[in-house]
*Asks:* 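I have a structure I would like to understand better, so I am pasting it below and will then ask my questions one at a time.
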2 protein chains.
Amino acid sequence: MDLRHLRYFVTVAEEGHITRAAERLGIQQPPLSQQIRALEEELEVQLFRRKPRGVEMTEAGKALLVDARRILDEVEGALSRAKRTARGEQGRLEVGFTSSAPFHPFVPRVIRLFRENHPKVSLVLEESGTSNLVAALRAERLDVAFIRSAMPKGEGIRVYPLLDEEMFAALPKGHPLARARNEHLKLTYLAAEPLVLYRRASGPGLHDGIVAACRTAGFNPRIVQEAPRITSTLNLVAAGLGASLVPESLRRMRLEGVVFRPLAPRPRLVAPLRLACRSVDHVPAAQRFVALVRREAKVLP
Amino acid sequence: MDLRHLRYFVTVAEEGHITRAAERLGIQQPPLSQQIRALEEELEVQLFRRKPRGVEMTEAGKALLVDARRILDEVEGALSRAKRTARGEQGRLEVGFTSSAPFHPFVPRVIRLFRENHPKVSLVLEESGTSNLVAALRAERLDVAFIRSAMPKGEGIRVYPLLDEEMFAALPKGHPLARARNEHLKLTYLAAEPLVLYRRASGPGLHDGIVAACRTAGFNPRIVQEAPRITSTLNLVAAGLGASLVPESLRRMRLEGVVFRPLAPRPRLVAPLRLACRSVDHVPAAQRFVALVRREAKVLP
DNA sequence: CCATTGCCATACTCATTAGATATGGATTTT
DNA sequence: AAAATCCATATCTAATGAGTATGGCAATGG
């Protein structure tokens, strides 16, 4: 069985006429007669009755015609789907992000953009810590991930810088340091403060950056608690357990009981936003996604 | 595009290994490599990534695999459906019958039998007069028909005798002749009776048989009304408009107000039941039906 | 009623291509 | 480092799809 047989069969069925069908197919009549006959012999079924003026379908032929048309359609559909998938216009893309990533407007914006440009790609979003995200990338449970670390160690992962956010101090409402809302806060003022930080295991990059900055400022931070999610961190701050240091975009949470203050420019403390993917990735949609995100990152202020 | 390509592709995808796939397909490895490559070139899509130990599907390949499997299944299904149709095990069969036919248990029995043996053939039943039925057969609106005439004139129709039923007199309840219920009734007793008969145009065979028998018995029947259906005939008898002559099987109607009496053996008056079909019929299910009905007719008492 | 026409089938040839064999190259395993 | 594994390439053969020529059969038209 060959698709050519089906195509020929459908044409002959439609024309009711081998000679005309051959014309339409751009071949000669005898080969077409032979192919039809070959198909009949293969199926051990007579598909046409030869009449002096053309051919006439048998019942079996009528039954096959319905199926043959559908099959040919499906083949076309399958091919175009395969091509679309190869162009990254279809398929499934699993995107991971750290708990803090979606607060920066850049992340929801590029996701929305991608959905608009590739409506046939079904996006699966997953939130987790940077370490988990990178592991998931390696295990191919994820295709791309928004992370906070500067650079995960280990091969096979490529990380593109997207943007750097200023870090802000998050202070419990009513805290003495929380009064001068919009003024720069020197990091050293936090030396004696109890700190609540995002769990190091989840996001070592951000955590280590904070500790390093504190050391540069001349003190060892007093970390009283670590939370598994950046949002939990802020809730703990609101509960008065201590202060925290979070990326600026977290301000938009407008959490009751938390006051944000910008940090003094030195020591510089920034929260990088990065896009991680496999260095060799064959998921076309992922490549598209990476390209789109990098393009958008460039036009940032 | 060729179904072979799809089959090869599916096998390679399943094995993840061109060499093993070639073994399973019963060909050598190089041609298989070539075919896969040819498929990729035709689609302009990479389907596999060549790895040192086997091959690995791309996203486009995964997308195609799903479709390819389904298409191959559908092709198989289409072929078997075509074969089944050719064997008359599937399709559509339009069966006609005169209004009196279904009262004889033979007709419902063979229809039930056929349904059991050919569950995939959808039966369409249509009631009409013998003349209409034969015309419908010619026009291919029907495939087979149970009729009452001995032989319709004209070419292209073949008629098989199935059985002959005795004719019974149907008398209005309370009619003098209706008293001796189970005794033979001599046809001459009906000479003066008003008769209600099945319309000649609908079933000329039965009608003419009755008139001929009356003439043999020595009288011209006094036909006061003709009804388009045998059941209407009996209703008219019940209403007292006259007597009628109907096939024995009509007795099972047990119509209130009608009394049946067997007729005297001479002149013999029988109602034939016949099966009509086209002499050249290419509907396989019709051939099956005819064969079954004839076989069943032979085992009748 | 015979000649013509239209259409499909058959016979044969040619061109294409699927498949076989041999071999090379890359990478992992031992 | 050698062997093994597996895919790719090159070349040849065989199968087959397509083309050309022709015959046969039934319907149509004088």
Side-chain angles (χ1 to χ4, degrees), chain A residues 1-58 60-61 65 68 72 75 155-156 279-280 282, chain B residues 1-58 60-61 65 68 72 75 138 155-156 278-280 282:
Chain A
M1 254 302 287
D2 192 334
L3 283 182
R4 176 181 35 249
H5 290 312
L6 289 187
R7 278 190 253 275
Y8 286 3
F9 165 73
V10 170
T11 309
V12 173
E14 281 171 358
E15 293 288 339
H17 208 283
I18 294 188
T19 309
R20 269 204 302 276
E23 263 175 49
R24 232 179 75 185
L25 289 166
I27 63 173
Q28 297 300 73
Q29 170 260 318
L32 183 54
S33 286
Q34 286 181 341
Q35 292 299 318
I36 294 295
R37 167 164 295 277
L39 178 61
E40 290 179 326
E41 277 170 13
E42 190 179 346
L43 303 191
E44 297 171 329
V45 161
Q46 192 185 356
L47 298 170
F48 295 103
R49 275 185 299 280
R50 277 65 172 175
K51 297 260 178 167
R53 304 268 151 174
V55 294
E56 187 181 277
M57 259 190 290
T58 61
L65 179 59
L72 292 176
V75 169
E155 271 306 299
S279 15
V280 282
H282 306 291
Chain B
M1 255 304 286
D2 191 335
L3 282 182
R4 175 181 36 247
H5 290 311
L6 289 188
R7 279 189 253 275
Y8 286 4
F9 165 74
V10 170
T11 309
V12 173
E14 282 171 356
E15 294 288 339
H17 208 282
I18 296 189
T19 309
R20 270 205 300 275
E23 264 174 50
R24 231 180 76 185
L25 289 166
I27 63 174
Q28 295 302 85
Q29 169 261 318
L32 184 54
S33 286
Q34 287 181 340
Q35 293 298 318
I36 294 295
R37 168 165 295 276
L39 178 61
E40 290 179 327
E41 278 170 14
E42 190 179 347
L43 303 190
E44 296 172 329
V45 161
Q46 192 186 354
L47 298 171
F48 296 102
R49 274 185 299 281
R50 276 66 173 175
K51 296 260 179 169
R53 302 269 150 174
V55 293
E56 187 180 277
M57 259 190 288
T58 62
L65 178 60
L72 292 176
V75 169
R138 282 219 175 77
E155 268 307 298
R278 286 183 289 277
S279 15
V280 281
H282 306 293

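All chains are named by letter (A, B, ...) in the order of the sequence lines, taking the proteins before the strands, and each is independently numbered beginning at 1.
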*Asks:* Of the options D/dA10, C/dG19, C/dA9, whose atoms approach the side-chain atoms of B/Y8 most closely?
*Replies:*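 Shortest atom-to-atom distance from the side chain points to C/dG19.
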
*Asks:* Between A/P31 and B/I18, just flag the one whose closest nucleotide in DNA chain D comes earlier from the 5' side.
*Replies:*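 The residue closer to the strand's 5' end, by nearest nucleotide, is B/I18.
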
*Asks:* Over how many whole Å does the gap from A/I36 atom CD1 to C/dC7 atom C1' extend?
*Replies:*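 So the CD1-C1' distance, A/I36 to C/dC7, works out to 15 Å.
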
*Asks:* Nearest whole Å is fine: how far is D/dC6 C1' from B/E15 CD?
*Replies:*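 Interatomic distance, CD of B/E15 to C1' of D/dC6: 14 Å.
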
*Asks:* Examine D/dC6: is either OP1 or OP2 under 4.0 Å from a nitrogen or oxygen in the side chain of B/R50? Give yes or no.
*Replies:*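 The answer is no; no side-chain N or O of B/R50 sits under 4.0 Å from OP1 or OP2.
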
*Asks:* In whole angstrom, what separates A/E42's CD from D/dG17's C1'?
*Replies:*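 Interatomic distance, CD of A/E42 to C1' of D/dG17: 14 Å.
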
*Asks:* Side-chain N or O of A/S33 versus OP1/OP2 of C/dA9: is the shortest distance under 4.0 Å?
*Replies:*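 Result: yes.
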
*Asks:* Salt bridge between A/R49 and A/E40, side-chain N to carboxylate O under 4.0 Å?
*Replies:*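 Salt bridge absent between A/R49 and A/E40.
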
*Asks:* Distance check: side-chain N/O of A/T19 vs OP1/OP2 of C/dG6, anything under 4.0 Å?
*Replies:*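 For C/dG6, OP1/OP2 do not have a side-chain N/O of A/T19 under 4.0 Å.
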
*Asks:* Tell me: CD1 of A/I27 to P of D/dG17, nearest whole Å?
*Replies:*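 So the two atoms are 11 Å apart, to the nearest Å.
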
*Asks:* Would you say B/Q34 reaches C/dG19's phosphate, i.e. side-chain N/O to OP1/OP2 under 4.0 Å?
*Replies:*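 For C/dG19, OP1/OP2 do not have a side-chain N/O of B/Q34 under 4.0 Å.
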
*Asks:* From D/dA18, C/dA9, C/dA18, pick the nucleotide closest to the side chain of A/Q35?
*Replies:*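 Per side-chain heavy atoms of A/Q35, the pick is D/dA18.
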
*Asks:* If you check the B/P30 side chain, which of C/dA9, D/dA8, D/dC7 turns out closest?
*Replies:*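 Comparing C/dA9, D/dA8, D/dC7 against the side chain of B/P30, the answer is D/dA8.
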
*Asks:* Provide, to the nearest angstrom, the distance between the CE atom belonging to A/M57 and the P atom belonging to C/dC8.
*Replies:*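 Computing the A/M57:CE to C/dC8:P distance gives 14 Å.
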
*Asks:* Between CD of B/Q46 and CZ of B/R37, what distance do you get to the nearest 0.5 Å?
*Replies:*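 Spacing of CD (B/Q46) from CZ (B/R37) equals 9.0 Å.
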
*Asks:* Given D/dT20, C/dC8, C/dA9, which nucleotide is nearest the side-chain atoms of A/R37?
*Replies:*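 Given the options D/dT20, C/dC8, C/dA9, the side chain of A/R37 is closest to C/dA9.
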
*Asks:* Would you say A/R4 reaches D/dT16's phosphate, i.e. side-chain N/O to OP1/OP2 under 4.0 Å?
*Replies:*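 Answer is no, no contact under 4.0 Å.
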
*Asks:* Remember a base hit wins even if backbone is also touched, and classify B/Q29 as base, sugar-phosphate or nothing at under 4.0 Å, heavy atoms.
*Replies:*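 Base: the residue B/Q29, judged by heavy atoms under 4.0 Å, touches a nucleobase.
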
*Asks:* Testing B/T11, B/I27, B/T19 one by one against B/L32 for a side chain to side chain contact (heavy atoms under 4.5 Å, CB included), which residue passes?
*Replies:*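 Only one of B/T11, B/I27, B/T19 forms a side chain to side chain contact (heavy atoms under 4.5 Å, CB included) with B/L32, namely B/I27.
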
*Asks:* Can you tell me how far P of D/dC12 sits from CD of B/Q28, to the nearest Å?
*Replies:*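 Going from CD in B/Q28 over to P in D/dC12 covers 18 Å.
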
*Asks:* Describe the nucleic acid contact of B/F48 in one word from base, sugar-phosphate, nothing, applying a heavy-atom distance below 4.0 Å.
*Replies:*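 Result for B/F48 = nothing.
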
*Asks:* Is the backbone of B/F48 close enough, under 3.5 Å, to the side chain of B/R50 for a donor and an acceptor to pair up by distance?
*Replies:*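 Checking the backbone N and O of B/F48 against the side chain of B/R50, a donor-acceptor pair under 3.5 Å is found.
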
*Asks:* Would you call B/R24 and B/E14 a salt bridge, taking side-chain N to carboxylate O under 4.0 Å as the test?
*Replies:*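 The answer is yes: the pair qualifies as a salt bridge.
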
*Asks:* Within this structure, what is the CG-to-P distance between A/L39 and D/dT16, rounded to whole angstrom?
*Replies:*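 Roughly 15 Å, once rounded to whole Å.
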
*Asks:* What is the distance, to the nearest angstrom, from the CD atom on B/E56 to the P atom on D/dC6?
*Replies:*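 Answer to the nearest Å: 15 Å.
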
